[in-house]
Amino acid sequence: MGTCTNGVMKQAILLTGGAGYVGSHTVAALLEDPVKSEQYDIVVIDNLVNAYRAPGQKKPEPLRIIEELTGKSVIFYDVNIADGAKLQEVFDKHSVHCVIHFAALKAVGESVEKPLEYYQNNITGTCTLLDTMRKNGVYNLIFSSSCTVYGDPERLPLDESHATGRGLSSPYARTKHYCETICEDLAVSDKKWSIISLRYFNPVGAHASGRIGEDPAGIPNNLMPYIAQVAVGRLPSLSVFGGDYPTPDGSGVRDYIHVADLAAGHARALALLPRPGFTAVNLGTGNGYSVLQMIAAFEKASGRKIPYKIVGRRAGDIAANYADVSLSHKLLGWSAKKTLDDMCADTWRWQSNNPNGFKKSS
Ligand SMILES: CC(=O)N[C@H]1[C@@H](OP(=O)(O)OP(=O)(O)OC[C@H]2O[C@@H](n3ccc(=O)[nH]c3=O)[C@H](O)[C@@H]2O)O[C@H](CO)[C@@H](O)[C@@H]1O
């Protein structure tokens, strides 16, 4: 149930997938903000498909730890966004001001093997969520999108007017593109909708406390968690996918952004609502770093050697991408503050304190 101040029910920010990596860091940012945490109840729904809840605990570990760190509470429901009836129960209990929609499956390789699961979860789930929002008169949405919607860049840096949806290399990428399209159509159909789609570049890093961070199930697909697990001795060596790209050192270049900066970007987007229509905004730093530069920076931050070998390219990978960040500056008054050294130092603090992720800290 929502909490009350002076007999009035507080409005809620509802975060779907709020126990995941970017979601939980956004929960932390909202609770750490004295104004937002006073103004809103922070409500999370998550089906725990990619988040860990310790035996006997009501809340998943990231949320339990955030409560410990901030001394403030999160309201948690173990609910799947595709379950309209359960979703409605949450909307019955809270006066929702805005939904921040993170919940999605996000493993690119898995999406090629299980496309239907990805379309069902990411697209049908999003439609059920949007329909429930509409039925309850909630029209403020922040959608967790990805630079993957741009496909193979026609030009760099990538600005928001770059074409989307062309030559996408995986069902996962298509689900992000289709969800954006659905949101755009909805915003055209009814002027009450205010939808901000945040296109993340490559989120890395961890909370400054070293107590929450990225905790992928199984062998990581993404570069930073892989490097971190090599550094901590969980994995023997890194394969660098491709040494012959047309980049300064031949390895792939990406715009890595600290997850705390990303979380702050959501808080800024929240302050912009309502902003009728559909607005897509890049969240990146505007800087590109190569895989070999990432390895060197991580070795410096951790004091550990990262054994690696250069192997063939990974299917579907592009040579380089990085963001044009002018719109995020202009519209959100936001820019990324953390450096590459911060990203590596924070990832290392999290990984070295929690070599096995959340399971150990329970
Ligand atoms: C093709 C693919 O998977 N793309 C997804 C990937 O982006 P993206 O591929 O950019 O992110 P990754 O972290 O997987 O890879 C970053 C860079 O590191 C390289 N690399 C990665 C892992 C590794 O073991 N060795 C290695 O060399 C990659 O080739 C790439 O050049 O994650 C994003 C989420 O964060 C998704 O939105 C993207 O759709």
Side-chain angles (χ1 to χ4, degrees), residues 17 20-23 25 50 102 104-113 118 122 143-153 156 158 164-165 167-180 197-205 213-216 218-231 234-259 262 282-285 288-298 306-323 340 343-344 347:
Y21 175 47
V22 181
H25 285 80
N50 209 4
F102 298 100
L105 296 174
K106 60 163 191 158
V108 175
E110 185 188 62
S111 79
V112 176
E113 287 153 28
Y118 273 69
N122 295 6
F143 176 62
S144 173
S145 189
S146 165
C147 63
T148 197
V149 299
Y150 295 120
D152 198 351
L156 287 172
L158 281 160
T164 57
L168 303 185
S169 61
S170 71
Y172 160 75
R174 279 185 278 279
T175 67
K176 287 291 167 190
H177 172 62
Y178 295 147
C179 284
E180 279 204 352
S197 183
L198 298 177
R199 294 179 178 158
Y200 311 159
F201 279 69
N202 287 50
V204 297
E214 190 169 12
D215 185 17
I219 310 271
N221 298 305
N222 297 116
L223 179 66
M224 192 60 137
Y226 204 108
I227 292 182
Q229 292 196 14
V230 172
R234 253 175 96 174
L235 291 168
S237 96
L238 172 77
S239 295
V240 175
F241 298 141
D244 58 352
Y245 282 112
T247 58
D249 65 21
S251 66
V253 166
R254 297 291 184 274
D255 184 339
Y256 296 93
I257 173 168
H258 196 295
V259 68
L262 203 58
N282 288 339
L283 292 184
T285 66
Y289 291 105
S290 73
V291 176
L292 298 181
Q293 285 176 307
M294 296 300 287
I295 296 172
F298 205 90
I306 313 290
Y308 72 88
K309 60 175 183 307
I310 297 176
V311 301
R313 295 181 180 187
R314 180 172 65 179
D317 268 358
I318 56 177
N321 78 353
Y322 47 92
L340 180 58
M343 300 179 208
C344 293
T347 302

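Note that ligands are numbered from 1 as they come in the structure, with each ligand's atoms numbered from 1 the same way.
Among all protein heavy atoms, the one lying closest to atom 19 (C) of ligand 1 is Val291 CG2, 3.6 Å. The nearest protein atom to atom 39 (O) of ligand 1, hydrogens excluded, is given as Thr148 OG1, 3.2 Å; this is a heavy-atom distance. Nearest non-hydrogen protein atom to atom 13 (O) of ligand 1 is Leu223 N, 2.8 Å. Looking only at protein heavy atoms, the nearest one to atom 30 (C) of ligand 1 is Arg254 NH2, 3.6 Å. Considering only non-hydrogen protein atoms, atom 14 (O) of ligand 1 sits nearest to Arg314 NH2, 2.8 Å. In terms of protein heavy-atom proximity, atom 28 (C) of ligand 1 is closest to Asp317 OD2, 3.5 Å. Protein heavy atom in closest approach to atom 23 (C) of ligand 1: Phe241 CE1, 3.3 Å.
Each of the following atoms of ligand 1 lies closer than 4.0 Å to a heavy atom of Ser239: 23 (C), 24 (O), 25 (N), 26 (C), 27 (O). Listed by number with element, the atoms of ligand 1 under 4.0 Å from a non-hydrogen atom of Asn221 are 14 (O), 22 (C).
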**Message:** Could you go through Thr164 and Arg199, starting from their C-alpha distance and side-chain angles, then the distance that decides it, and tell me whether this counts as side-chain contact (heavy atoms from CB on, under 4.5 Å)?
**Reply:** CA-CA 11 Å; Thr164 57; Arg199 294 179 178 158; 3.7 Å; yes

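A side-chain N or O of Asn282 and one of Tyr150 form a donor-acceptor pair less than 3.5 Å apart. Side-chain atoms of Thr285 and Tyr256 include no donor-acceptor pair closer than 3.5 Å. In the model, Tyr118 has a side-chain atom that pairs as donor or acceptor with a side-chain atom of Glu110 under 3.5 Å.
Contact detail for Phe201 and Asp255: the closest heavy-atom pair is CB-O, 3.3 Å. Closest approach of Asp249 and Ser290 over heavy atoms only: OD2-OG, 2.6 Å. Summarising the geometry of Val230 relative to Pro236, their closest heavy-atom pair is CG1-O, 3.9 Å, with the distance given to 0.1 Å. Smallest separation of non-hydrogen atoms from Gly151 and Ile318: O-CD1, 4.1 Å. Minimum heavy-atom separation, Met224 to Cys344: CE-SG, 3.8 Å.
Counting heavy atoms under 4.0 Å from ligand 1, residue Val253 does not touch it at all.
For the pair Asn202 and ligand 1, the shortest N or O to N or O distance falls below 3.5 Å. Polar contact with ligand 1: present for Ser146 (N/O pair, distance under 3.5 Å).
Checking Asn222, Ile310, Val149 against atom 35 (O) of ligand 1, the nearest heavy atom belongs to Asn222. Proximity annotation for atom 16 (C) of ligand 1: of Tyr245, Phe201, Tyr256, Tyr172, Tyr256 comes nearest, heavy atoms only. In the candidate list Val240, Asn321, Val108, Val108 is nearest to atom 2 (C) of ligand 1, counting heavy atoms.
In this structure, Tyr226 OH and Leu238 CG are separated by 6.5 Å, a value rounded to the nearest 0.5 Å.
The closest approach between any non-hydrogen atom of Tyr21 and ligand 1 is not below 4.0 Å.
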